[in-house]
Amino acid sequence: MLYTSTRDASIKVSSATAISQGISNEGGLFVPESIPSLCEADFERIAALDYIGRAKEVLKLYLTDFTEDELEYCVNGAYNGTFDNNCPAPLKKLDNGEYILELWHGPTCAFKDLALQLLPFLLTTSAKKVGKGRTVILVATSGDTGKAALEGFADVENTDIVVFYPNNGVSPMQKLQMDTQKGNNVFVCSINGNFDDAQSGVKRIFTDNSIKALLKENGMEFSSANSINWGRLVPQIVYYVSAYCDLLKNGEDLTNGFNVVVPTGNFGNILAAYYAKYMGVPINKLICASNSNNVLTDFIKTGKYDRNREFFTTASPSMDILISSNLERMLYHLGNNDAKGTAKLQKSLAQTGEFSIEGEMLEQLQSLYSAGCCDDTNTLETIKDKFNKYNYLLDTHTAVAVKVYDDYVKASADRTPTVIASTASPYKFSASVLKAIDNSKCCSDEFEMLESLMSVTGVDAPAPIKALKGATPRFNNICEKDEMIDVVLKFLKI
């Protein structure tokens, strides 16, 4: 299995090179030259395995330059003993028949753990395979990726990690998780700007040849822990394969397949479901759920992507994104792997803030995806409604997905079995969730609200979040968006 760039068809690299490098030199994203497939007998065999076994079976199809021992080391290191009950992605069936795919049972209580517990193992193994020196991880985060990456890479040999987040664009709990991170090789800095500013800043650093040369002089190279790195995206394919296996074990009638609903801002999570679909998982409709920053919803409905719009800070901050990086991979596949066409679209986005697709590309997009959006008012109403009806507590991002799915069913009357990706513990957003359940209990103290939410709902908070009470922040840095490279070089002492 070789990997090429979404913007340069002449590039052919191994998975180890793609993972260690993170992003192609010209700014494109690495994609597999072909998508491997699984047959019905394969799924029956994989369904009998635990999550670790399932992960090995999927990853070996994409990481063909990894030996069996290397994959064993990576997967066992990532998933053995790091998730609740050694079950990283359990399916919970609500009384209305919908399935919630709980992806937040890891050390940082967010779905990013499924990839970012594995990525350090993949990255360090890849670096050794390609003879790479010290790896410097740069991360832009809208909340969850930052902490999950910090947790995964803290004190990992021969690596450093720098995380940037929007100063007023994450929840207090997300901020505390990042600012209290331990590790001698980690650094955290907020920026005056939004997530798109942080993400654009990181991409500029990645593609600055003078900065790359400076790092090389000091025996260092950049890589990414964002989902622009294939090593971040490929582990996410696993949990959609695993969800299908669990549906089979539950005896669900999947004659007509099943739908998948994903709350998304950067398009990585739902893109992983797309890859699973083309591996043979019988996913019928991919339902893309946005908050008020509904650039993806508008794109799927109209074919026009336009980031020139008001940016909203919402109760679902991990989705507060107007530049969806992973959409580039989807555009590449929609265009029949047309690197030149993809590069043209991305150039238009960079220069004008917009691009459009039409004809066959748009028809294919709309045949694959449905889309909807949900504002904060409806998000909180959905949290309250589902708790009252099913005694199930949603976080603000999952609630967006649930509301969009409810709207989809009303409009389409499609009652196909459905899996809704739940991306975070509700306790990462205690203030918003408590406001939805019992506004009278809200106050200014984050941990008092956490205690109130547990008391009102009877739902216990995850241990990693409760452990943050009384923790002292290590980092209180803030910079302007054009100062990000100075922050990186100062931390690296070069």
Side-chain angles (χ1 to χ4, degrees), residues 1-33 59 62-66 70-71 74 115-116 118-140 145 149 152-153 156-164 185 199-237 266 268 271 275 325-326 328-329 332 337 339 342-343 346 484-485 488-489 492 494:
M1 174 73 73
L2 293 178
Y3 291 78
T4 186
S5 169
T6 52
R7 303 186 196 181
D8 185 348
S10 69
I11 291 173
K12 312 287 183 186
V13 300
S14 67
S15 70
T17 298
I19 292 169
S20 61
Q21 194 171 323
I23 188 172
S24 189
N25 288 329
E26 82 293 345
L29 307 186
F30 290 113
V31 288
E33 285 196 304
L59 292 173
Y62 287 98
L63 311 180
T64 56
D65 52 325
F66 279 60
E70 286 169 338
L71 274 179
C74 292
L116 283 163
L118 181 60
L119 181 60
F121 291 94
L122 295 179
L123 189 59
T124 53
T125 301
S126 295
K128 290 176 183 177
K129 290 169 77 70
V130 301
K132 191 172 182 176
R134 189 169 187 84
T135 301
V136 179
I137 309 293
L138 294 187
V139 178
T145 291
F153 281 97
V156 170
E157 184 181 2
N158 216 27
T159 65
D160 292 298
I161 179 168
V162 181
V163 170
F164 293 99
N185 65 334
Q199 181 169 248
S200 296
V202 164
K203 284 186 175 180
R204 281 194 299 272
I205 297 170
F206 266 122
T207 54
D208 188 319
N209 289 328
S210 63
I211 299 300
K212 288 193 286 187
L214 179 59
L215 258 70
K216 192 170 184 178
E217 289 173 14
N218 288 271
M220 303 175 183
E221 291 184 61
F222 283 132
S223 191
S224 173
N226 284 89
S227 55
I228 56 174
N229 190 322
W230 180 253
R232 251 290 306 277
L233 190 58
V234 69
Q236 295 180 261
I237 300 171
N266 221 11
L271 182 64
Y275 282 119
S325 286
N326 266 292
E328 179 170 344
R329 285 185 169 110
Y332 174 82
N337 301 346
T342 307
Q346 293 306 123
M484 291 169 62
I485 185 56
V488 172
L489 296 180
L492 297 175
I494 59 175

Between [X] and [Y], which heavy-atom pair has the shortest distance, and what is it?
X	Y	result
R329	S227	NH1-O, 3.0 Å
P120	G152	CG-O, 3.2 Å
R232	A115	O-CB, 3.2 Å
E26	G28	OE2-N, 3.3 Å
S14	Y3	C-CD1, 4.0 Å
G133	N158	O-ND2, 3.6 Å

Next item on the list: For F206, check ring-ring contact (aromatic ring centres under 6.0 Å, His included) against everything at least two apart and list the hits.
Entry: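 Only F222 meet the ring-ring contact (aromatic ring centres under 6.0 Å, His included) criterion with F206.
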Checklist line | ring-ring contact (aromatic ring centres under 6.0 Å, His included) partners of Y332, counting only residues at least two apart | finding: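 ring-ring contact (aromatic ring centres under 6.0 Å, His included) check on Y332 returns nothing, list empty.
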Note to self: Side chains of E70 and T125 only: does a donor on one sit below 3.5 Å from an acceptor on the other?
What the structure shows: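 Short answer, no.
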Item checked: Between T159 and N185, a side-chain donor and acceptor under 3.5 Å ->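 Yes.
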Next item on the list: On the 0 to 90° scale, with breaks at 30° and 60°, tag the Y62-W230 ring pair as parallel, tilted or perpendicular.
Entry: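 The rings of Y62 and W230 sit tilted, inter-plane angle from 30° to 60°.
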Within the structure provided, determine whether [X] and [Y] are in side-chain contact (heavy-atom separation under 4.5 Å).
X	Y	result
N218	L492	no
V202	I228	no
N266	Q199	yes
R7	S24	no
I19	L63	yes
L233	L29	no
L122	F66	yes

If only atom types and distance count, is the side chain of [X] paired as donor or acceptor with the main-chain N or O of [Y] below 3.5 Å?
X	Y	result
T64	M1	yes
S223	S20	yes
N326	L271	no
N229	G231	yes

Spacing of [X] atom [atom1] and [Y] atom [atom2] [to the nearest 0.5 Å]:
X	Y	atom1	atom2	answer
K128	E157	NZ	CD	6.0 Å
M484	S200	CE	OG	9.0 Å
N226	T145	CG	OG1	6.0 Å
M220	D160	CE	CG	6.0 Å

Next item on the list: Could you list the residues that satisfy side-chain contact (heavy atoms from CB on, under 4.5 Å) with A225, not counting sequence neighbours?
Entry: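 Per chain and number, A225 pairs via side-chain contact (heavy atoms from CB on, under 4.5 Å) with L116, L119, I137, V139, A149, F153.
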Next item on the list: Quick one: list whatever passes side-chain contact (heavy atoms from CB on, under 4.5 Å) with N25, sequence neighbours left out.
Entry: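 Result, side-chain contact (heavy atoms from CB on, under 4.5 Å) vs N25: Q21, K212.
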Checklist line | Residue list, salt bridge (Lys or Arg N to Asp or Glu O under 4.0 Å) with R204, at least two apart or on another chain | finding: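 In terms of salt bridge (Lys or Arg N to Asp or Glu O under 4.0 Å), with neighbours along the sequence ignored, R204 is linked to no residue.
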Item checked: Where at least one partner belongs to residues 13-32, residue pairs that pass ring-ring contact (aromatic ring centres under 6.0 Å, His included), sequence neighbours excluded ->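 Qualifying pairs, neighbours excluded: none.
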Margin query: Is it the case that over 12 heavy atoms from other parts of the model lie below 6.0 angstrom from the NZ atom of K12?
Written below: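 Atom NZ in K12 is crowded, with more than 12 foreign heavy atoms closer than 6.0 Å.
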Note to self: I need the single residue from V162, I485, L489, L215 that forms a side chain to side chain contact (heavy atoms under 4.5 Å, CB included) with I205. Which is it?
What the structure shows: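 It is I485; the other options fail the test.
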